[in-house]
Amino acid sequence: DAGITQSPRYKITETGRQVTLMCHQTWSHSYMFWYRQDLGHGLRLIYYSAAADITDKGEVPDGYVVSRSKTENFPLTLESATRSQTSVYFCASSVEGATEAFFGQGTRLTVV
Amino acid sequence: GQQLNQSPQSMFIQEGEDVSMNCTSSSIFNTWLWYKQDPGEGPVLLIALYKAGELTSNGRLTAQFGITRKDSFLNISASIPSDVGIYFCAGLYYTGNQFYFGTGTSLTVIP
């Protein structure tokens, strides 16, 4: 199906483990984003990418790593998960210069 | 980072009532957006506003871009149960394609 998809939808991991959240879009949008959603904080930008091989930090990048070797994929890695990274993670994409970001369905991550 | 404050944080209203919510920022934005998030889903764009003072409608929804460019307002008329969800404002600068989101307003509609 066309659109933006995230996987997995749900993930439970242990403190200290590495975990990767996947994001794939079929629109060839140049921009991709990772947000985390926490109660009382809304959506906060973790990292974004303007094109393949170009990434930049957002508001809350600490503890996260991203890569973008292909336009359509933008994985987010937690190198050593902590309980404070328990959250719902959203991937989004947009065309350069656009005023709309399209969101995936989210990944609910629990770090125990 | 940019701070976008939404109010109220939550609302409980009777079906048929009108709803008003607003979003204020410490910074000026070139575009204001309003999104709705249904439970278990990602946010979906409702309305986009592109210039100060602009008033735009989408069905029962009306949004305004504040004259100071630091605020925006969303009104929902004659609420229905499917209006339930979290409403987010978002501000966008022309450059960088960075969307900054507000803290959200949770809406509950009581039939």
Side-chain angles (χ1 to χ4, degrees), chain A residues 3-10 21 23-25 27 29-51 54-62 68 71 74 87-108, chain B residues 1-10 21-27 29-51 54 56 58 63 65 72 74 85-107:
Chain A
I4 183 164
T5 55
Q6 293 183 235
S7 61
R9 288 295 309 273
Y10 303 92
L21 310 183
C23 180
H24 175 79
Q25 53 107 352
W27 294 307
H29 285 171
S30 55
Y31 277 84
M32 295 187 75
F33 310 85
W34 275 106
Y35 290 88
R36 60 178 288 173
Q37 183 177 18
D38 303 291
L39 197 62
H41 291 280
L43 291 157
R44 291 182 292 175
L45 183 64
I46 304 172
Y47 269 95
Y48 68 102
S49 168
I54 300 174
T55 62
D56 211 343
K57 296 178 180 179
E59 297 177 72
V60 288
D62 293 343
R68 194 158 176 216
T71 299
F74 191 38
S87 186
V88 181
Y89 291 85
F90 285 99
C91 179
S93 70
S94 76
V95 175
E96 182 174 2
T99 55
E100 177 172 6
F102 296 87
F103 283 82
Q105 289 186 299
T107 295
R108 182 174 293 276
Chain B
Q2 300 301 322
Q3 189 77 19
L4 273 68
N5 296 307
Q6 278 185 250
S7 64
Q9 279 192 326
S10 61
M21 60 188 78
N22 67 76
C23 186
T24 59
S25 168
S26 56
S27 301
F29 288 110
N30 301 112
T31 298
W32 280 95
L33 309 167
W34 284 92
Y35 282 81
K36 183 193 177 197
Q37 183 182 24
D38 290 327
E41 301 292 330
V44 175
L45 183 69
L46 297 173
I47 291 179
L49 302 155
Y50 303 108
K51 58 182 182 181
E54 179 180 354
T56 297
N58 179 6
F65 191 141
S72 182
L74 176 69
I86 302 175
Y87 291 79
F88 289 102
C89 62
L92 175 67
Y93 295 115
Y94 278 143
T95 59
N97 259 62
Q98 290 189 55
F99 298 81
Y100 294 93
F101 284 82
T103 48
T105 294
S106 175
L107 178 64

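A note on names: the letters A, B, ... follow the listed sequences, proteins ahead of strands, and every chain is numbered from 1. Remember, predicted model here, so these are calculated numbers, not experimental data.
The minimum heavy-atom distance between B/Gly42 and A/Phe90, with the atom names listed, is CA-CE2, 3.4 Å. Summarising the geometry of B/Phe88 relative to A/Gly42, their closest heavy-atom pair is CE2-CA, 3.8 Å, with the distance given to 0.1 Å. The two atoms that bring A/Glu100 and B/Phe99 nearest to each other are C-CZ, 4.0 Å, heavy atoms only.
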Check: Can you check side-chain contact (heavy atoms from CB on, under 4.5 Å) on A/Glu59 and B/Tyr100, steps first, answer last?
Finding: CA-CA 9 Å; A/Glu59 297 177 72; B/Tyr100 294 93; 4.1 Å; yes
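Within the 4.5 angstrom heavy-atom criterion, only side-chain atoms of B/Gln37, from C-beta onward, approach chain A. If you measure heavy-atom distances from A/Gln6 to chain B, you find no contacts under 4.5 Å at all. Contact of A/Leu43 with chain B is made through backbone and side chain together, with heavy-atom distances under 4.5 Å. Using a 4.5 Å cut-off between heavy atoms, A/Arg9 contacts chain B through its side chain alone, with no backbone atom that close. Using a 4.5 Å cut-off between heavy atoms, A/Ala50 does not touch chain B at all.
One finds the CG atom of B/Leu45 at 11.5 Å from the OG atom of A/Ser94 (value rounded to the nearest 0.5 Å).
More than 12 heavy atoms of other residues, nucleotides or ligands shown are found within 6.0 angstrom of CD1 on A/Ile54. Remark: B/Gln9 CD is loosely packed, at most 12 non-hydrogen atoms of other residues, nucleotides or ligands lying under 6.0 Å away. The local environment of CZ in A/Arg108 is sparse, with at most 12 non-hydrogen atoms from other residues, nucleotides or ligands closer than 6.0 Å.
Checked against a 6.0 Å centroid threshold, the rings of A/Tyr35 and B/Tyr35 do not count as neighbours.
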